[in-house]
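Below, chains carry the letters A, B, ... as their sequence lines are ordered, and counting in each starts from 1. Computed from a predicted model, the values in this text were never measured in an experiment.
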2 protein chains.
Amino acid sequence: MLYMRSISDDRTSRAIIRDESLRLFAVNGPGTVTVRQIAAAAGVSPALVVHHFGSKEGLHQEVDQYVLDVFEAMLGELTGESGAELLDPKSGASSLSEAFARHLPDGSPVPAYVRRLLLSDTDAGRLLFRRLYDLSRSALDGLAAAGLAAPGQDPAVRAAFLLANDLALFLLRDRLTEVLGTDPLSADGMARWAPEMLSIYAGGLNATPPQPQGEAP
Amino acid sequence: MLYMRSISDDRTSRAIIRDESLRLFAVNGPGTVTVRQIAAAAGVSPALVVHHFGSKEGLHQEVDQYVLDVFEAMLGELTGESGAELLDPKSGASSLSEAFARHLPDGSPVPAYVRRLLLSDTDAGRLLFRRLYDLSRSALDGLAAAGLAAPGQDPAVRAAFLLANDLALFLLRDRLTEVLGTDPLSADGMARWAPEMLSIYAGGLNATPPQPQGEAP
DNA sequence: ACACCGACTGAACGATTGTTTAGCATGCTG
DNA sequence: CAGCATGCTAAACAATCGTTCAGTCGGTGT
């Protein structure tokens with residue numbers, strides 16, 4: 001933990017405070033983290049935290065907005081590179097959660113924070129979920145237009161079902177890692193998870209897809 | 001809020017404290033709920049809470065164990081009435097989450113508490129999830145033995161996938177209610193959700209099942 | 001009758017909470 | 001140079017936290 005920021009950290013103290021509180025909020029929840037903990041993690045005095053953000057609540061809101069922005073920027077990259085193929089079984093990124101994990105640095109606290117937001121009964125969380133739902137709807141529309149999936153009797157529910165399943169992987173990641181022995185969002189884990197998921201999405205629980213091994217180039 | 005327990009409440013003060021803290025923990029999280037809030041909700045002094053449970057942490061552990069017991073008792077009823085048919089597409093209760101909601105009184109705080117446990121990175125949460133996972137495995141085994149579903153290339157992952165999807169409905173209930181306009185765990189909502197889910201599980205995203213309307217008795 | 005015990009409370013304990021205040025540097029601007 | 005905002009801290013603020021303590025009350029056993 002020593003020398004974390006001692007050598008050439010060109011972030012302003014304000015940015016450091018924001019980053020450190022983002023990290024602490026993601027791990028422990030905004031309610032239980034104290035201003036003094038944040039100040040200590042950022043290497044400043046508690047008074048400076050209030051000086052820059054007005055109050056702990058002000059800091060909380062700014063961190064929320066910051067995460068929302070990061071998330072939105074990441075969505076921009078995703079739709080930019082793969083269009084409506086986010087849920088496309090043929091694409092490499094077969095899961096929104098997996099793409100999410102791929103587009104952020106390894107130790108980033110943002111995923112944990114987003115997880116907390118999604119489950120948090122706040123406007124920020126509602127906004128986030130609504131955004132993902134709209135994305136899921138348009139992705140399903142794209143698949144339907146391409147003949148890759150049927151819109152179903154109730155497209156709204158079908159899109160919600162696919163989104164919920166995708167997010168479940170993200171929300172229950174740690175629990176699934178425990179019972180499976182592999183992090184389902186890691187490369188190895190995805191290699192186990194994706195075929196099973198795609199098989200069900202392709203033909204249901206009874207389908208027996210051809211053995212995917214030994215395919216000619 | 002008046003007269004909540006004023007007329008013939010034969011619970012002991014200890015039980016009232018436990019119930020009220022269960023309710024408050026479920027809503028706000030154990031970390032942010034204060035002993036004084038619990039005492040006020042139970043209509044007793046803060047000192048009595050400590051007198052009965054040793055400390056706030058002691059109370060917390062006892063409530064955890066209590067919820068675990070309630071949950072286990074409910075699982076007993078479920079497996080007693082429907083055996084391995086918990087995930088059976090043909091059974092009326094097509095979702096574990098839905099059965100969960102059905103077997104508890106309407107305003108019960110237990111589901112919200114269980115939700116918090118499942119997401120909480122505690123031994124109690126791990127225990128709970130492991131229990132559900134084992135149930136999902138045996139349910140999948142049962143379906144496979146009955147020829148109703150293939151075990152898949154990786155049965156462990158397939159069981160985890162089905163469980164995660166089921167729990168997603170439970171974890172994201174409020175968010176799904178917002179975007180769908182219907183609580184997916186209510187009777188009306190399940191009538192929309194179940195056919196879509198069963199259709200995908202039966203034949204994948206491309207299947208077009210026969211219109212289920214106008215069927216002769 | 002007395003002693004005892006468990007349920008229970010009011011008041012206080014020290015620790016910790018978010019926030020305020022006064023003041024010290026530093027650097028820019030006139 | 002003076003003036004003034006900016007970044008920042010040490011110290012203290014009242015409020016609230018979990019917990020402790022002394023003591024009251026109602027019953028139960030002897």
Donor-acceptor pair (no angle test) under 3.5 Å: Arg14(A) side chain, dG7(D) base:
no

Whole-Å gap separating P (dG18(D)) and CD (Gln61(B))
16 Å

From Asn28(A) CG over to Arg116(A) CZ, what is the distance, rounded to the nearest 0.5 angstrom?
7.5 Å

For atom CD of Gln37(B) and atom P of dC17(D), their distance in whole Å:
7 Å

N/O (side chain, His52(B)) to phosphate O (OP1/OP2, dC8(C)) under 4.0 Å
yes

Let me know the distance between NZ of Lys56(B) and P of dT16(D), rounded to the nearest Å.
16 Å

Report yes if a side-chain nitrogen or oxygen of His51(B) is closer than 4.0 Å to either non-bridging phosphate oxygen (OP1 or OP2) of dA7(C); otherwise report no.
yes

NZ or CZ of Arg14(B) within 45° of Phe53(B) ring axis and under 6.0 Å:
yes

How would you label the contact of Val49(A) with the nucleic acid (heavy atoms, under 4.0 Å): base, sugar-phosphate, or nothing?
nothing

Between Tyr113(B) and Phe25(B), how do the two ring planes meet: parallel, tilted or perpendicular, split at 30° and 60°?
tilted

Nucleotide nearest Val50(A) (side chain, heavy atoms from C-beta), chosen from dT9(D), dT20(C), dA12(D):
dT20(C)

Could you check whether any side-chain N or O of Arg115(A) sits under 3.5 Å from a backbone N or O of Leu171(A), counting only pairs where one atom can act as donor and the other as acceptor?
yes

Atom CZ of Arg11(A) to atom P of dG7(D): distance rounded to whole Å?
17 Å

Between dT19(C), dT21(C), dA7(C), spot the one nearest the side chain of Leu48(B), thanks.
dA7(C)

Is Arg18(A) close enough and on-axis enough to Tyr66(A), meaning under 6.0 Å and within 45°, for cation-pi?
yes

Of the nucleotides dT19(D), dT20(D), dT19(C), which has the atom closest to the Ala47(B) side chain?
dT20(D)

Reckon Ser13(B) has a side-chain N or O less than 4.0 Å from the OP1 or OP2 of dC8(C)?
yes

Specify the separation, in whole Å, of atom CZ of Phe53(A) and atom P of dC8(D).
11 Å

Regarding the side chain of Arg36(A), the nearest nucleotide among dA12(D), dT20(C), dT9(C) is dA12(D)

Looking only at the side chain of Thr34(B) (C-beta and beyond, no hydrogens), which of the listed nucleotides dT19(C), dC17(D), dT9(C) gets closest?
dC17(D)

